[in-house]
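This one's a predicted model, so the numbers in the text were calculated from it and none came from an experiment.
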Amino acid sequence: VTIATIDPDGAPRQVVAWYRLEPDGRILLNSRMPRRWCTNLLRERRVALSIIDSADPYRWIGLTGVVDEVIDDVAISREDIVALAHRYHPEGPSEASITTFRSQPRVTFLVRVTGVHEHLED
């Protein structure tokens, strides 16, 4: 997912990150602290996301949302990033990656989607 946030001076900031759609419809994002995009979300909870179909880059969905829950319990956030690593590396992430993730200060954001725009035509 591409994540767009706003810097303190009003400038836009974009990053690409792992994500997961939660059963309740929220989007789970996770970051190592103190990356700029996550400090932006802690300050200003509005966010824009875009997800591009890897099989057809002309198919995409754009979302606007608001962070409605911040999980700053480091142990939980570390397990969230490990779960994301398994999602994005189904063959199994490296042990070095897992060890690194479990040693980092991390935070998890749950984003409630407030708007959808898409281009999913064939």
J.: If you look only at pairs with a residue in residues 73-83, which of them pass as a salt bridge (Lys or Arg N to Asp or Glu O under 4.0 Å), with sequence neighbours excluded?
T.: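 For residues 73-83, and leaving out neighbouring residues, the salt bridge (Lys or Arg N to Asp or Glu O under 4.0 Å) pairs sorted by first residue read E79-R102.
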J.: Counting C-beta onward and ignoring hydrogens, is there a side-chain heavy-atom pair between T39 and M33 closer than 4.5 Å?
T.: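 They are in contact (side-chain heavy atoms under 4.5 Å apart), so the answer is yes.
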J.: So do V1 and L63 actually touch side chain to side chain, heavy atoms under 4.5 Å?
T.: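 The answer is no; the side chains never approach within 4.5 Å.
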J.: In this structure, which one of V107, L110, L28 forms a side chain to side chain contact (heavy atoms under 4.5 Å, CB included) with I71?
T.: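 Considering V107, L110, L28, a side chain to side chain contact (heavy atoms under 4.5 Å, CB included) with I71 is found only for L110.
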J.: Show the nearest heavy-atom pair for residues N30 and S77, with the distance to one decimal.
T.: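 Minimum heavy-atom contact is ND2-O, 2.9 Å.
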J.: Could you pull out the closest heavy-atom pair between V47 and A4, with the gap in Å?
T.: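 So the two residues come closest at CG2-O, 3.4 Å.
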J.: Within the structure provided, determine whether Y19 and I51 are in side-chain contact (heavy-atom separation under 4.5 Å).
T.: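 Side chain of Y19 against side chain of I51, heavy atoms only: contact under 4.5 Å found.
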J.: So, do N40 and I6 sit near enough that their side-chain heavy atoms are less than 4.5 Å apart?
T.: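 No. Closest side-chain heavy atoms not under 4.5 Å.
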J.: Looking at every non-hydrogen atom in both residues, tell me the closest pair between Q104 and V74 and how far apart they are.
T.: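 The answer is O-CG1, 3.9 Å.
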J.: Measuring from atom OG1 of T2 to atom CD of Q14, what distance do you get when rounded to the nearest 0.5 angstrom?
T.: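 T2 OG1 to Q14 CD: 6.5 Å, rounded to 0.5 Å.
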J.: Between L21 and V66, is there shared hydrophobic-cluster membership here, with clusters defined by ILVMFWY side-chain heavy atoms closer than 4.5 Å?
T.: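 No, it is not one cluster - the side chains of L21 and V66 are not joined through contacts under 4.5 Å.
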J.: Flag yes if more than 12 heavy atoms outside R46 fall under 6.0 Å of its CZ atom; otherwise flag no.
T.: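 No, not enclosed.
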J.: Answer whether the closest heavy-atom distance between the side chains of T5 and E44 falls below 4.5 Å.
T.: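 With C-beta onward as the side chain, the pair stays apart.
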J.: What heavy-atom pair brings S103 and T100 nearest, and what distance separates the two atoms?
T.: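 Heavy atoms of S103 and T100 come nearest at OG-O, 2.8 Å.
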J.: Are the side chains of V111 and L29 in contact, using a 4.5 Å heavy-atom criterion?
T.: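 Side chain of L29 against side chain of V111, heavy atoms only: contact under 4.5 Å found.
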J.: List the atom of P8, the atom of R43, and the distance in Å for their closest heavy-atom pair.
T.: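 Closest heavy-atom pair between P8 and R43: N-NH2, 3.2 Å.
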J.: Describe, in one word, how the ring planes of W18 and Y88 are oriented to each other, choosing from parallel (under 30°), tilted (30 to 60°) and perpendicular (over 60°).
T.: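 Parallel: the ring planes of W18 and Y88 meet at under 30°.
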J.: Taking ILVMFWY side chains as joined if any heavy atoms are under 4.5 angstrom apart, and letting links pass through other members, which residues group with W60?
T.: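 Members alongside W60: I52.
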